[in-house]
Amino acid sequence: MPTKQKKVEKMIRWRAPDWPSVSLNTDGARKGLEQAGAGGLLRDFNGNWIKGFIVNLGTCSVLSAELWGLLHGLKMAWENGFRRVQVGVDNKSVVQLLKMDSVSDTENAALIKTIRELLERDWSVHLEHVYREANYAADFLASYSLNSPIGLHVLNSPPTEIVGILCKDAYGIAHPRLVLS
């Protein structure tokens, strides 16, 4: 009989990048069957907002929304001249898909190929899975995108509703989460 793994409480928080890197957090969201979106933000080593985005995608899968969010976030970082980027996404499948040699996900194959080509440019990008508690700001933006018009919307300043999340992240406020030991 297999042994059941024990869960322990772990404190999770957003981690600032080492200078001169910037942090990029992205997330996807879906509401019902008809609405999907994504959001993301760039922050400096002090947790200060640099730029963000939301994108209402219309209808697609959650995985597609996550991938679209990552693509838009990476493009935003590149186009704004950042060449050292620490990327956090809370969907482990996204990280795994991008690290696989071949892609069996035909629905997202072209999107994955585009992201990989972007990652191969002359820059340093560290992509990692983070727990949702370390990705609250991007999670907020992804949900926020569902109430915006279809398409990409660049945010030069943060929506007022996200300021509290940004402050908690910058101050290192941690959130409890049960994880497998």
Side-chain angles (χ1 to χ4, degrees), residues 14-30 36-58 60-103 105-132 134-146 148 150-159 162 165-166 169:
W14 174 79
R15 299 214 181 269
D18 294 330
W19 187 88
S21 296
V22 295
S23 171
L24 169 64
N25 289 90
T26 65
D27 199 13
R30 188 167 148 183
L41 67 156
L42 287 168
R43 291 183 268 189
D44 68 15
F45 63 95
N46 285 319
N48 296 313
W49 175 280
I50 297 172
K51 194 174 257 194
F53 72 92
I54 55 173
V55 57
N56 187 327
L57 299 163
C60 70
S61 69
V62 172
L63 181 58
S64 294
E66 295 272 356
L67 290 164
W68 277 110
L70 179 57
L71 176 63
H72 286 297
L74 289 169
K75 281 184 172 181
M76 184 175 66
W78 178 265
E79 290 167 1
N80 283 274
F82 298 107
R83 297 298 179 259
R84 292 178 51 106
V85 185
Q86 175 184 308
V87 182
V89 296
D90 63 15
N91 186 313
K92 196 177 272 189
S93 296
V94 168
V95 177
Q96 291 170 339
L97 273 172
L98 291 168
K99 291 186 177 184
M100 293 171 69
D101 290 334
S102 62
V103 178
D105 181 347
T106 54
E107 176 191 353
N108 294 301
L111 188 51
I112 293 166
K113 181 178 184 275
T114 303
I115 293 169
R116 284 181 174 169
E117 288 170 355
L118 192 53
L119 290 170
E120 290 171 5
R121 291 184 179 175
D122 187 21
W123 61 339
S124 173
V125 178
H126 176 71
L127 175 65
E128 66 179 343
H129 169 260
V130 297
Y131 290 117
R132 185 176 193 214
N135 209 36
Y136 277 151
D139 180 69
F140 171 86
L141 291 171
S143 295
Y144 193 73
S145 75
L146 300 174
S148 68
I150 294 287
L152 177 66
H153 309 276
V154 175
L155 307 172
N156 290 313
S157 57
I162 199 175
I165 296 170
L166 296 173
D169 283 353

So, taking the atom named CZ in Arg84 and the one named CZ in Phe45, what distance separates them when rounded to the nearest 0.5 Å?
12.5 Å
Nearest heavy-atom approach of Gln86 to Pro17 is OE1-CA, 3.3 Å
Answer whether the closest heavy-atom distance between the side chains of Ile50 and Val22 falls below 4.5 Å.
yes
Answer with yes or no whether the side chains of Asn135 and Asp139 bring together a donor and an acceptor at under 3.5 Å.
no
If we only count heavy atoms from C-beta on, is the Leu97 to Leu63 side-chain gap below 4.5 Å?
yes
Could you check if a side-chain atom of Leu74 sits within less than 4.5 angstrom of a side-chain atom of Trp123, using non-hydrogen atoms only?
yes
Do Ser64 and Leu57 have side chains that approach each other closer than 4.5 Å (heavy atoms only, starting at C-beta)?
no
Tell me the closest heavy-atom pair linking Gly37 and Ala65, and the distance in Å.
O-CB, 3.5 Å
Ala38 and Ser145 have their tightest heavy-atom pair at N-OG, 3.3 Å
Which heavy atom in Ala138 sits nearest to a heavy atom in Leu41, and how many Å separate them?
N-CD2, 3.7 Å
Can you measure from CD (Glu66) to CZ (Arg30) and round to the nearest 0.5 angstrom?
12.0 Å
So do the side chains of Leu141 and Pro159 get within less than 4.5 Å of each other, counting heavy atoms only?
yes
First locate atom CH2 of Trp19, then atom CG of Asn46, and finally report the distance between them rounded to the nearest 0.5 Å.
12.0 Å
With a cut-off of 6.0 Å (strictly less than), are more than 12 heavy atoms of other residues, nucleotides or ligands near CG of Asp18?
no
Does the side chain of Tyr136 come within less than 4.5 Å of Trp14's, by heavy atoms?
no
Are Leu71 and Leu67 side-chain neighbours, meaning at least one heavy-atom pair lies under 4.5 Å?
no
Can you check side chain to side chain contact (heavy atoms under 4.5 Å, CB included) on Arg15 and Val130, steps first, answer last?
CA-CA 10 Å; Arg15 299 214 181 269; Val130 297; over 6 Å; no
Using modelled atom types only, decide if a donor and an acceptor are shared between the side chain of Asn108 and the backbone of Ile112 within a distance under 3.5 Å.
no
Taking the side chain as C-beta and beyond, is there a heavy-atom pair between Leu70 and Leu98 under 4.5 Å?
yes
Using the six-membered ring wherever Trp is involved, compare the ring planes of His72 and Phe53 and label them parallel, tilted or perpendicular (cut-offs 30° and 60°).
tilted
Give the minimum heavy-atom separation between Asn80 and Met76, together with the two atoms involved.
ND2-O, 2.7 Å
Check this for me: Arg83, atom CZ, are more than 12 non-hydrogen atoms of other residues, nucleotides or ligands nearer than 6.0 Å?
yes
Hey, what do you get for OG (Ser23) to CG (Asp44), rounding to the nearest 0.5 Å?
9.5 Å
Taking all non-hydrogen atoms of both residues into account, name the closest pair between Thr26 and Leu24 and its distance.
CG2-CD1, 3.8 Å
Would Glu120 and Arg116 pass as an ion pair if we require N to O under 4.0 Å?
no
Looking at CG of Asn156 and NZ of Lys51, how far apart are the two atoms once the value is rounded to the nearest 0.5 Å?
5.0 Å
With rounding to the nearest 0.5 angstrom, report the CH2 to CD1 distance, Trp49 to Ile162.
5.5 Å
